[in-house]
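One structure is given here, and the rest of the page talks about it.
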Amino acid sequence: MAPAPRSPYQFIERASPFRPHDADALTVHALTPDEFQSASLAPEVKAFASAAGFTADAGSLLLLPGQEGALAGALFGLGKEPTDQPFLAGKLARLLPAGTWTISASALAPERLALGFGLGSYSFDSYRTAKPSEVFLSVPQDLDGAKLDRTLAAVFLARDLVNTPTNDMGPETLERVFFSLASHYGAEASSIVGEDLLAENFPLIHTVGRASAEAPRLLEMRFGRKGARKVTLVGKGVCFDTGGLDIKPPASMLLMKKDMGGAANVLALALMIMDAGLDIDLRVLVPAVENSISANAFRPGDIYRSRKGLSVQIDNTDAEGRLILADALAYADEEAPDLMVDMATLTGAARVALGPDLPPFFTDDEALAASLSAASLAEDDPIWRLPLYKGYEKDVRAKVADLTNAPAGGMAGAITAALFLKRFVEHSRSWVHFDVFAWVPAEKPHAPAGGEAQAIRALYRHIASLC
C-alpha cells in the first residue's frame, strides 16, 4: 500500500483552516447563558458585554476591545442547549475578523468545536473574484489533527464536486478527478467508455448516457490489501439530468448539477479511507453519465436487458439513476464483497419523507443498521433507516419485462427505488443503500447553501470499526 500524503489538502488544493497551537492566538469564550452569568470573566469585560446586550444566545458574537483599539478576544453564545447545534462554531469562521483564534468552551467537546469551525470555513469561490478573509483556528495539541484534516478535506471535496456546474463537471471531468484521486493515494484506476460499455456488458449505463456529447463511462478504483475485508463503494454519477425525453420543467433542472452527489460522496468517503490507510480491500465504482436528449436518447416504453440479465421496462426516462446503478451494483456484486455501499441522489420521495437534512438508508442487515445508527449518533451525522418492505416488491414488476424503472402511482418512491436496486445485489454479505440529497437549501452554521457531504462520517466510523 502506498504511503498516504502528509495532508489530504494537497489533493483538494485548499488551505487548512487549522493552525498548530499558537500561544498568541486570540481567545473566543464560547458560553451558554448560564455560563456567561457565572463565568470568571474580568469585571470590565462582563460590564462591556452586558452594556452591549450580549446574553449568549445561540450564534451571537461580541468582539472585545483591547488596548489602543486592538482586539482582545471575543464572546460567542452557545445558547441554552448547545448539544442541539454541535457545529454552531462554524459561524465563527465567517463572523470573526482575519487572524488566528482559539476557542475556550466547556459545554461542547473540543473536537466538535474544531470540526464545526472547519466545516463553517468552507466557501465555493472558483467563480468569484472576491475572496473571504483568512480566519484560522489554533487547534489544541491533544486533538487528532490528522483526523480533522481528512474529514474536512473529504467534505470539501464533496461540496466542490457538487457545486461545480456541469459545463465544468461533466463525465469527462469527473473521470479526471477520479483518476487524480486514485493517483494521489497510489490506487489503481480504470474506465470503460462509450461503445466499450456494450462490449463489456454494461447496457444500462450506455443506454442512459448515449445521448450526451460526452460519452458515458464506468470508473473503477482499487486500493488496499488483498485478503483484507472487501468494501465496495458505488456512487451515482449523473452529471446532469434533463429528465431525458420525459424532460423536467425548467425549475426542476436548476439543481440537476448535483445529480452526481452520490459519486461525490463516495469519492469523499474513499479519500477518508485511503488517507487513513484503513486495512481493507477497497473498490470504488462510479457510473458517470449525462442524461441528455438527442436523436438516440432512450424512450419511454423501451425495454433493455441489464448486466445481470434482468430486463427493465423504461416507464420514465427521468428515473435513470437506478438504471446506471443496476449495472454497477451487479458488477460489484460479482466479487461478493463483505460490505457494499451505494450512495445516490435518487428520489424526491426521500426528501418528502425526511427532508433535505436526514438521508434515509436501506438494508436487510440488522447488525449493519445498528452499527450505522450508533455511528450516526457518535458523529452527529444524521441518517435514518427506512424499510425494504417486501409488500411493495410487486410494484417494481413490469407487465412485459422483469422490472419497471418507474412504478405507477408514485407511492413509497424511495422504498420502491431501493427494492429495484436490491434485485441486483445477490452475493454481497452486506449491502446498504443511501438516498442522499447532497445539498443544503439554506445556510447553516457549519455549511453554506450548496453542495453537501452526507452520511460519510458515519460510514467512515463504521468501516474503520471493521479493521
Side-chain angles (χ1 to χ4, degrees), residues 3-30 59 61 63 71 73-76 78 82 85-126 131-160 181 184-185 268-269 271-277 378-381 444-448 450-453 456-457 460-461 464:
R6 283 174 41 186
S7 169
Y9 294 108
Q10 295 171 345
F11 172 69
I12 64 170
E13 297 182 349
R14 280 177 174 267
S16 170
F18 302 128
R19 291 292 182 267
H21 177 68
D22 183 352
D24 295 326
L26 293 173
T27 298
V28 179
H29 300 276
L61 177 72
L63 298 177
L71 281 173
L75 302 181
F76 182 65
L78 295 176
Q85 298 188 70
F87 302 120
L88 185 64
K91 294 190 72 170
L92 290 171
R94 299 192 293 276
L95 294 176
L96 288 171
T100 301
W101 297 78
T102 186
I103 303 175
S104 172
S106 58
L108 283 175
E111 183 179 351
R112 283 291 180 273
L113 290 166
L115 183 57
F117 179 94
L119 291 170
S121 73
Y122 175 87
S123 62
F124 185 63
D125 301 313
S126 299
K131 304 299 179 184
S133 61
E134 294 188 327
V135 182
F136 302 102
L137 181 67
S138 175
V139 177
Q141 294 174 336
D142 56 348
L143 284 189
D144 187 345
K147 178 183 177 183
L148 284 170
D149 279 343
R150 80 171 56 99
T151 301
L152 279 194
V155 171
F156 289 0
L157 172 61
R159 290 175 176 178
D160 281 349
L181 179 64
H184 188 69
Y185 287 106
L269 179 56
L271 182 151
M272 295 175 74
I273 291 169
M274 293 189 293
D275 191 78
E379 296 291 336
D380 286 310
D381 192 11
K444 297 180 180 182
H446 63 285
E452 184 60 305
I456 64 170
R457 291 185 291 110
Y460 175 81
R461 188 182 184 95

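Computed from a prediction, not measured in an experiment: that's the story for all the values here. In this chain, residues are counted from 1 in sequence order.
Across every non-hydrogen atom of Ala154 and Ala268, the tightest pair is O-CB, 3.1 Å. Smallest separation of non-hydrogen atoms from Pro17 and Tyr9: CD-OH, 3.6 Å.
Separating the CG atom in Leu88 from the NE2 atom in His446 is a distance of 10.5 Å, to the nearest 0.5 Å. Distance check, rounded to the nearest 0.5 Å: CG of Leu148 to CG of Leu119 gives 9.5 Å. Between Leu108 atom CG and Leu115 atom CG the span is 11.5 Å, to the nearest 0.5 Å. Atoms CD1 and OH, from Ile273 and Tyr460 in turn, are 8.0 Å apart once rounded to the nearest 0.5 Å. Rounding to the nearest 0.5 angstrom, the gap separating the CG atom in Asp381 from the CD1 atom in Ile456 is 7.5 Å.
In this view, Ser138 satisfies the side chain to side chain donor-acceptor pair (under 3.5 Å) rule with no residue, not counting sequence neighbours. Residues forming a side chain to side chain contact (heavy atoms under 4.5 Å, CB included) with Pro110 (at least two apart in sequence, or on another chain): Leu143. In this structure Thr27 satisfies the side chain to side chain donor-acceptor pair (under 3.5 Å) test with no other residue, sequence neighbours excluded.
Here the side chain of Ser123 pairs no donor or acceptor atom with the backbone of Asp125 at under 3.5 angstrom.
You'll find the side chain of Phe76 reaches within 4.5 Å of the side chain of Leu78, heavy atoms only. Looking at Leu271 and Phe11, their side chains come closer than 4.5 Å, going by heavy atoms from C-beta outward. Looking only at side-chain heavy atoms (C-beta outward), Leu26 and Thr102 stay at 4.5 Å or farther from each other. Taking 4.5 Å as the limit, every side-chain heavy atom of Tyr122 sits out of range of all side-chain heavy atoms of Leu152. At least one side-chain heavy atom of Val135 sits under 4.5 Å from a side-chain heavy atom of Phe117. At a threshold of 4.5 Å between non-hydrogen side-chain atoms, the residues Arg159 and Pro448 count as touching.
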Report task. Under the side-chain contact (heavy atoms from CB on, under 4.5 Å) rule, what do Ser121 and Phe156 come out as? Steps first, then yes or no, please. Result -> CA-CA 10 Å; Ser121 73; Phe156 289 0; 3.8 Å; yes
Requested in this report: Show your reasoning for whether side-chain contact (heavy atoms from CB on, under 4.5 Å) applies to Asp380 and Phe87.
Outcome: CA-CA 9 Å; Asp380 286 310; Phe87 302 120; 3.8 Å; yes
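For residues 14-25, the set of pairs meeting the salt bridge (charged side-chain N to carboxylate O under 4.0 Å, His left out) definition, not counting sequence neighbours, comprises Arg14-Asp160. Sorted by first and then second residue, the pairs that involve residues 85-104 and meet salt bridge (charged side-chain N to carboxylate O under 4.0 Å, His left out), not counting sequence neighbours, are Arg94-Glu443. Sorted by first and then second residue, the pairs that involve residues 139-156 and meet salt bridge (charged side-chain N to carboxylate O under 4.0 Å, His left out), not counting sequence neighbours, are Glu111-Lys147, Arg150-Asp275.
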